[in-house]
**Q** 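If you scroll down you'll find the structure; I have some questions about it.
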Amino acid sequence: MGHLDHAAFGWLTPVLSYVMACIGAALGLRCTVRALGATGRSRRNWLLTAASAIGTGIWTMHFVAMLGFSVSGTEMRYNVPLTILSLLVAMVVVGAGVFAVGYGRDRGRALVLGGLTTGLGVASMHYLGMAALRLHGVVHYDPVLVGLSVVIAVVAATAALWAALNIRSPVAVAVASLVMGGAVSSMHYTGMMAVSVRVSPSGEALPGATAMQFIFPLAVGLGSYLFLTSAFVALSPTAREREASASAQRPVESVAR
């Protein structure tokens, strides 16, 4: 068995991956809150932004954490199409859960359906990302820990969507995001604890791209997207602020007449 190191760079990758998960969660929750206060095309656009933010945050969290993952006795590479597919799956499935909450008439049923769908999307992204891993050896999983990681993902997603439905205060959303970031990180490392690798030393070149060739640049790009989108959302007026602005303009228009 190869020795697995989940933090080859010390606390750097676990902390940074947690930060990315929190940013994605915070942005997704804020966008979902905005969506619930909007109608028509505006609601759809906010929900799309929420799905992309949560999906991007989860994916970036996973692969930033994977930068610190190493197995003794073998190098590692990543299958590029599968890695990109894991990102798309995260966005699409999380999007389905977010839209279920955003348009569901029965809040309780929408929360259960949305939490289950989003949680399975998180788990699917994680294990698709692991399927993209290429090394000299065979990867095995502990089914009990795999099942536990899926349960954590579903519970975390349901709790996050409940927060989006019931919390409006920015401070409360920030606290919920910290909790969701911790839950997503816990899901990731629970899933990684399920992994064992039987190394088969070989001199053959592995297919795929190294983490620094592909994962690192993509993670930096997606992280930049999260920061820029966060700035856009922070500067965009809320529905309440637009109503206050419109109310303030009415007396001025009446006087002008």
Side-chain angles (χ1 to χ4, degrees), residues 2 4-28 30-31 48-95 118 121-137 139 153 177 180-182 184-185 187-189 191-192 195 197 204-234:
L4 277 60
D5 189 347
H6 297 283
F9 300 106
W11 284 100
L12 177 62
T13 49
V15 170
L16 186 56
S17 64
Y18 171 70
V19 169
M20 298 310 298
C22 290
I23 292 173
L27 181 55
R30 289 302 296 162
C31 290
L48 286 172
T49 306
S52 67
I54 296 174
T56 298
I58 292 169
W59 187 95
T60 306
M61 176 272 146
H62 172 81
F63 281 100
V64 167
M66 289 301 292
L67 292 174
F69 178 68
S70 65
V71 181
S72 62
T74 178
E75 61 177 338
M76 296 189 304
R77 292 180 179 267
Y78 292 89
N79 178 285
V80 173
L82 262 182
T83 303
I84 294 175
L85 178 62
S86 70
L87 173 61
L88 296 178
V89 165
M91 290 185 177
V92 171
V93 183
V94 168
T118 304
V122 173
S124 298
M125 181 283 304
H126 176 89
Y127 289 106
L128 266 176
M130 291 302 295
L133 188 63
R134 298 290 180 266
L135 46 74
H136 292 302
V139 178
S177 302
M180 184 180 177
V184 171
S185 297
M187 178 268 159
H188 170 83
Y189 285 106
M192 294 308 296
V195 175
V197 179
E204 294 183 8
L206 287 168
T210 66
M212 288 301 172
Q213 287 174 337
F214 176 61
I215 300 299
F216 181 74
L218 187 55
V220 169
L222 292 175
S224 300
Y225 163 76
L226 286 177
F227 280 108
L228 291 173
T229 308
S230 297
F232 169 77
V233 172

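Sequential numbering from 1 along the given sequence is applied to the chain's residues. Below, each value reflects all heavy atoms present in this structure, side chains not excepted, and no hydrogens, waters or symmetry copies. Because the structure is predicted, anything quoted here is derived from the model rather than measured.
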**Q** Return the minimal non-hydrogen interatomic distance between V89 and S124, and the atom names on each side.
**A** CG1-CB, 3.9 Å
**Q** So how far is it from L228 CG to L27 CG, rounded to the nearest 0.5 Å?
**A** 11.0 Å
**Q** Can you see which heavy atom on V94 is nearest to which on A51, and at what distance?
**A** CG1-O, 4.1 Å
**Q** To the nearest 0.5 angstrom, please state how far the CD1 atom of I215 sits from the OG1 atom of T60.
**A** 10.0 Å
**Q** Does any non-hydrogen side-chain atom of M20 lie less than 4.5 Å from one of V184?
**A** no
**Q** Using 0.5 Å steps for rounding, measure from the CE atom of M192 to the CE atom of M187.
**A** 10.5 Å
**Q** Can any side-chain N or O of S17 pair as donor or acceptor with the backbone N or O of P14 at less than 3.5 Å?
**A** yes
**Q** Taking all atoms of both residues into account, what is the closest heavy-atom pair of G68 and F9, and its distance?
**A** CA-CD1, 4.0 Å
**Q** Looking only at heavy atoms, which two atoms of R77 and G208 are closest? And how far apart?
**A** NH1-O, 3.4 Å
**Q** So which atom in A90 and which in G55 form the shortest heavy-atom distance, rounded to 0.1 Å?
**A** CB-O, 4.0 Å
**Q** In sequence, state the C-alpha distance, the side-chain angles, and the governing distance for M125 and L87, and then conclude on side-chain contact (heavy atoms from CB on, under 4.5 Å).
**A** CA-CA 7 Å; M125 181 283 304; L87 173 61; over 6 Å; no
**Q** Do F63 and L218 have side-chain heavy atoms sitting under 4.5 Å apart?
**A** no
**Q** Looking at N79, I84, L85, which hits side chain to side chain contact (heavy atoms under 4.5 Å, CB included) with P81?
**A** N79
**Q** Just verifying a value: how many Å separate T118 OG1 and I58 CD1, rounded to the nearest 0.5 Å?
**A** 8.0 Å
**Q** Report yes or no: does H188 contribute a side-chain atom to a donor-acceptor pair with the main-chain N or O of M66 at less than 3.5 Å?
**A** no
**Q** Please evaluate residues Y78 and L133 with respect to the criterion side-chain contact (heavy atoms from CB on, under 4.5 Å), reporting the C-alpha separation (whole Å), side-chain torsions for both, the decisive distance (0.1 Å), and the verdict.
**A** CA-CA 5 Å; Y78 292 89; L133 188 63; 3.7 Å; yes
**Q** So, taking the atom named OG1 in T49 and the one named CD1 in I54, what distance separates them when rounded to the nearest 0.5 Å?
**A** 11.0 Å
**Q** Give, for atom CE of M61 and atom OH of Y18, the distance between the pair rounded to the nearest 0.5 Å.
**A** 11.0 Å
**Q** Which atom names give the shortest non-hydrogen contact between T74 and H136, and what distance separates them?
**A** OG1-N, 2.9 Å
**Q** Would you list the atom pairs, donor with acceptor, under 3.5 Å between side chains in residues 219-226 and any protein atom, with sequence neighbours excluded?
**A**
unit_1: S224; atom_1: OG; unit_2: V220; atom_2: O; d: 2.9
unit_1: Y225; atom_1: OH; unit_2: S52; atom_2: OG; d: 2.6

